[in-house]
Enquirer: 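For reference, the structure I am asking about is given below.
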Amino acid sequence: MEGEALYDMIGDAVSETLPAILVSLYAGDLDGLKKLIEAPKADEWGRVAALECFSALAANGEIPMDEAKAFLAHCFETLQPRQNHPVWYGWQGCVALLGLSELEPLAARAFRQGLVDKNVLAFEDFQSDLRASRAAASLADLFEERGIRPVEDALDALAVFEEEDETPAEPAENRLKNVGRNDPCPCGSGKKYKKCCLGKE
């Protein structure tokens with residue numbers, strides 16, 4: 001999906017639930033998953049979710065780790081855009097969560113080049129996640145803890161993001177709508193409105 005279409009449809013579920021839904025729906029079409037990750041016009045958070053799905057599949061052994069490592073190294077050279085973008089946040093997260101120390105130099109370059117927003121995440125955070133993954137007894141359990149696991153019912157998974165009925169806010173009222181330019185200014189200065197508060201509102 002292009003632009004904001006995916007976010008408009010399911011909102012926060014894009015970043016929160018979509019990775020787990022993609023894992024659940026994965027039927028062996030690795031090329032399709034890779035195309036979504038690499039598609040520059042695809043929804044940015046959809047691409048991040050696809051990366052998280054890819055890494056979860058590697059953690060569960062459905063994608064050989066050597067193949068996962070080679071693809072993520074390839075992505076460093078080919079992912080677009082070559083600027084600060086959420087897809088790079090997803091990419092570094094995959095490298096860290098899979099404990100791929102061999103790709104740490106590429107991650108360092110991604111941070112140095114500003115591909116990952118340093119206001120969101122620092123290289124030290126990446127290193128901390130990488131160390132935690134390397135120390136984990138089971139990568140599959142680590143992904144399970146992060147909620148990136150198959151779900152039984154995709155619709156139920158999305159239902160938690162349905163907005164509760166809210167009373168619409170009262171429309172703002174323009175208290176100056178009936179004040180003419182030559183009327184006395186409502187502020188009480190004694191000047192005409194046009195010479196006093198008209199330009200300040």
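Sequence positions, counted from 1, serve as the residue numbers for this chain.
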Enquirer: What pairs of donor and acceptor atoms, side-chain ones from residues 57-75 against any protein atom, are under 3.5 angstrom apart with sequence neighbours left out?
Expert:
residue	atom	partner	partner atom	Å
N60	ND2	A56	O	3.3
K69	NZ	E102	OE2	3.2
H74	NE2	E38	OE2	3.3

Enquirer: To the nearest 0.5 Å, what is the distance between CG on D29 and OH on Y26?
Expert: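 Between D29 CG and Y26 OH, I get 7.0 Å after rounding to 0.5 Å.
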Enquirer: Evaluate side-chain contact (heavy atoms from CB on, under 4.5 Å) for I37 paired with W91, printing each intermediate quantity in order.
Expert: CA-CA 9 Å; I37 291 168; W91 177 85; over 6 Å; no
Enquirer: Rounded to the nearest 0.5 Å, how far does CZ of F54 lie from CG of L30?
Expert: 6.0 Å
Enquirer: With distance as the sole test, does R47 use its side chain to make a donor-acceptor pair with the main-chain N or O of A42 at under 3.5 Å?
Expert: no
Enquirer: Check each of C53, P86, P19 against V48 using the side chain to side chain contact (heavy atoms under 4.5 Å, CB included) test, and report the only one that passes.
Expert: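 Single pass found, and it is P86.
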Enquirer: At what distance, to the nearest 0.5 angstrom, does CG of L18 lie from CG of D43?
Expert: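 That separation rounds to 8.5 Å.
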Enquirer: With sequence neighbours left out, which residue pairs that include part of residues 96-119 fulfil the ring pair (Phe, Tyr, Trp, His ring centres under 6.0 Å) condition?
Expert: F111-F123
Enquirer: Output the distance between atom CG (L51) and atom CG (L33), rounded to the nearest 0.5 Å.
Expert: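 One finds 8.0 Å between CG of L51 and CG of L33.
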Enquirer: Using the side-chain contact (heavy atoms from CB on, under 4.5 Å) rule, take R146 and E52 through it: C-alpha gap first, then chi angles, then the decisive distance, then the call.
Expert: CA-CA 10 Å; R146 291 182 177 242; E52 292 179 344; over 6 Å; no
Enquirer: Show, in sequence, the C-alpha distance, side-chain angles and deciding distance for S133 and L98, and conclude whether the side-chain contact (heavy atoms from CB on, under 4.5 Å) test is met.
Expert: CA-CA 6 Å; S133 299; L98 291 176; over 6 Å; no
Enquirer: Enter the distance from D117:CG to H85:NE2 here, rounded to the nearest 0.5 Å.
Expert: 12.0 Å
Enquirer: Would you say the side-chain atoms of Q113 and Q83 include a donor-acceptor pair closer than 3.5 Å?
Expert: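 Per modelled atom types, Q113 and Q83 side chains form no pair under 3.5 Å.
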Enquirer: Crowded around F126 CZ? As in, over 12 foreign heavy atoms under 6.0 Å?
Expert: yes
Enquirer: What are the two closest heavy atoms between G46 and L36, and how far apart are they?
Expert: O-CD2, 4.1 Å
Enquirer: Kindly indicate whether the side chain of P40, heavy atoms from C-beta on, has any atom under 4.5 Å from the side chain of P81.
Expert: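 With C-beta onward as the side chain, the pair stays apart.
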Enquirer: Just by modelled atom types, is the V87 backbone N or O under 3.5 Å from a matching donor or acceptor in the W45 side chain?
Expert: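 Answer holds: no.
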Enquirer: Rounded to the nearest 0.5 Å, how far apart are CD of Q92 and CG of L103?
Expert: 12.0 Å
Enquirer: Carefully, step by step, assess L97 and L142 under the rule side-chain contact (heavy atoms from CB on, under 4.5 Å).
Expert: CA-CA 8 Å; L97 285 175; L142 187 62; 4.1 Å; yes
